[in-house]
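Quick note on labels: first sequence line is chain A, next is B, and so on, each numbered from 1. Side-chain atoms are counted along with the backbone in the values below, which use heavy atoms only and exclude waters and symmetry mates.
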Amino acid sequence: MRLIEFYNYRVVLQYLPEFAWGLWATLWISFVCLVGSLILGTLVTVARRSQKRWISTPVAAYVEAVRSTPLLVQLYIVYYGLSQIPVLNVPVPALACGIFALTIHTAAYMSEIIRGGIEAVDRGQFEGAKAVGMSERQTMIHIIYPQAFAKIIPSLLGQAAVLVKDSSILSFIAVFELLGAGLIILSDRVMPTEAFMTAAFGYLLIYLLMLVASNKIQKKLSGNAWNSR
Amino acid sequence: MDNGSAQKGDVLVKVEGLSKIFKTTDGRIINALTNVNTTVDRGEVVAIIGPSGSGKSTLLRTFNGLETISKGHIYIDGIDLADKKTDMNALRADVGMVFQHFNLFQHKTSLENITLPQTLVRNCTSAQADQIAMDLLRQLGLDHLANNYPSQLSGGQQQRIAIARALAMQPKLMLFDEATSALDPEMVGEVLDLMKGLATDGMTMCIVTHEMNFAREVCDRVIFMDAGELVETGQPAEFFQNPSTDRAKQFLDKVL
């Protein structure tokens with residue numbers, strides 16, 4: 001069997017502009033969601049640590065709800081739900097719904113990772129800061145978070161890789177991205193192998209790029225004298 | 001550091017009927033401290049000794065509010081720590097604490113460890129804080145370690161930087177919680193020498209320690225704790241020669 005019978009690269013080459021466009025869409029959507037989920041995840045962590053139950057309890061419920069339900073269901077709730085709300089009578093674009101759903105989904109996981117990072121910081125660091133008169137807030141900002149984030153960078157990057165893969169689910173609400181480019185070949189030519197192998201190759205490419213970036217970041221961090229133990 | 005009313009010999013720390021009750025996770029109640037009464041004068045150096053679990057560290061940690069007070073009062077320079085309205089962060093800035101495991105900020109250099117609390121808590125400019133920190137490091141002979149991270153320092157060096165960090169806040173009172181217990185034997189001396197220097201300079205110090213020789217030679221007074229109670233207090237010469245309680249006698253028989 002020749003390669004071209006299994007995987008018709010000539011057809012794929014014809015659709016290269018669609019795939020390039022899809023790759024770009026996946027990249028920027030993932031990046032926006034990554035930044036959003038890191039910010040939201042940090043805020044969620046701060047809120048969950050609050051002494052005030054009326055703040056920490058609903059936030060904990062949000063994290064558990066997100067972690068215990070499928071992403072696709074969450075996406076549908078956001079996509080179909082937002083259009084039901086009378087205030088937003090104009091239909092919310094699918095892309096905005098997708099980014100919103102993916103961000104709140106990922107933020108729940110990010111906040112768990114960040115919480116783990118805080119717990120991994122030695123208790124003595126809290127006491128050392130407290131004993132010199134730093135407030136709770138100063139302690140968290142200047143002492144605890146910098147150390148916690150340094151510890152969890154590999155886990156955060158891992159979650160970012162999951163986010164890139166999860167973004168393919170936006171195809172379900174007709175947002176165009178990498179998988180969407182594959183779906184175009186499928187509907188035009190009925191060539192599932194070409195459609196999905198090429199999309200898969202695109203995700204692999206992004207993953208490899210992230211791996212290189214991750215290694216660079218880690219190398220740089222371990223070059224930091226304080227983190228070299 | 002001294003204001004007009006502060007004179008050597010004044011009462012700086014006053015402990016009145018202090019009790020501390022812990023509740024463990026499985027619901028048991030532990031009396032960590034029971035009706036402790038004592039005072040520490042300005043300029044006085046007090047050793048707090050006793051068997052492990054006797055409450056000596058707990059007592060020390062109530063002096064800067066790292067442990068809350070269940071009953072009774074502690075006054076530091078007239079400020080009531082049991083009063084809910086007391087600004088504990090402001091108080092802690094005035095009470096230096098040195099820990100068994102140093103608790104230096106791992107992601108900051110020695111210099112930054114000393115300057116950060118000053119800029120955050122004392123609102124110093126970074127130039128002022130640098131000046132104070134470098135002067136102090138030079139005085140303690142540690143200036144060559146200014147740009148090292150804690151992980152690059154020996155235990156003895158880390159502990160001396162931790163002492164410098166506390167001193168930079170110009171505290172009224174210094175607390176030492178088993179400051180040499182985690183050190184390799186050859187590093188104990190350098191830390192004790194530094195503490196001895198502070199005592200000579202007139203710093204008010206409360207020292208939880210297992211170093212009986214240090215307590216005997218450097219301290220003005222010894223407090224002996226057992227099972228959460230202050231059992232006996234006296235001058236070191238008197239206490240070590242001739243303890244008046246059986247519990248102190250038994251303890252000293254074991255450790256001396």
**Student:** Taking ring pair (Phe, Tyr, Trp, His ring centres under 6.0 Å) as the cut-off, I'd like each qualifying pair that reaches into residues 81-140 of chain B, sequence neighbours left out, listed once.
**Tutor:** A/Trp226-B/His107

**Student:** Output all residues satisfying side-chain contact (heavy atoms from CB on, under 4.5 Å) with B/Glu190, sequence neighbours left out; order by chain, then residue number.
**Tutor:** B/Gln157, B/Arg160, B/Met187

**Student:** Under 4.5 Å heavy-atom distance to chain A, tell me which part of B/Arg122 shows up: side chain, backbone, both or neither.
**Tutor:** neither

**Student:** What part of B/Leu91 gets within 4.5 angstrom of chain A, counting heavy atoms only: side chain, backbone, both, or neither?
**Tutor:** neither

**Student:** Chain B contacts: which residues in residues 127-145 of chain A have a non-hydrogen atom closer than 4.5 Å to it?
**Tutor:** A/Glu127, A/Gly128, A/Ala129, A/Lys130, A/Ala131, A/Val132, A/Gly133, A/Met134, A/Ser135, A/Gln138, A/His142, A/Ile143

**Student:** Side chain, backbone, both or neither: which part of B/Val98 has an atom under 4.5 Å from a heavy atom of chain A?
**Tutor:** neither

**Student:** For B/Gln106 and A/Gln147, indicate whether the former's side chain and the latter's backbone hold a donor-acceptor pair under 3.5 Å.
**Tutor:** no

**Student:** Most heavy-atom pairs under 4.5 angstrom with chain A, which of B/Met88, B/Arg165, B/Gln118?
**Tutor:** B/Arg165

**Student:** Provide the full list of side chain to side chain donor-acceptor pair (under 3.5 Å) pairs with a residue in residues 34-61 of chain A, sequence neighbours left out, each pair given once.
**Tutor:** A/Arg48-A/Glu112

**Student:** Should we count CZ of A/Phe172 as having more than 12 external heavy atoms under 6.0 Å?
**Tutor:** no

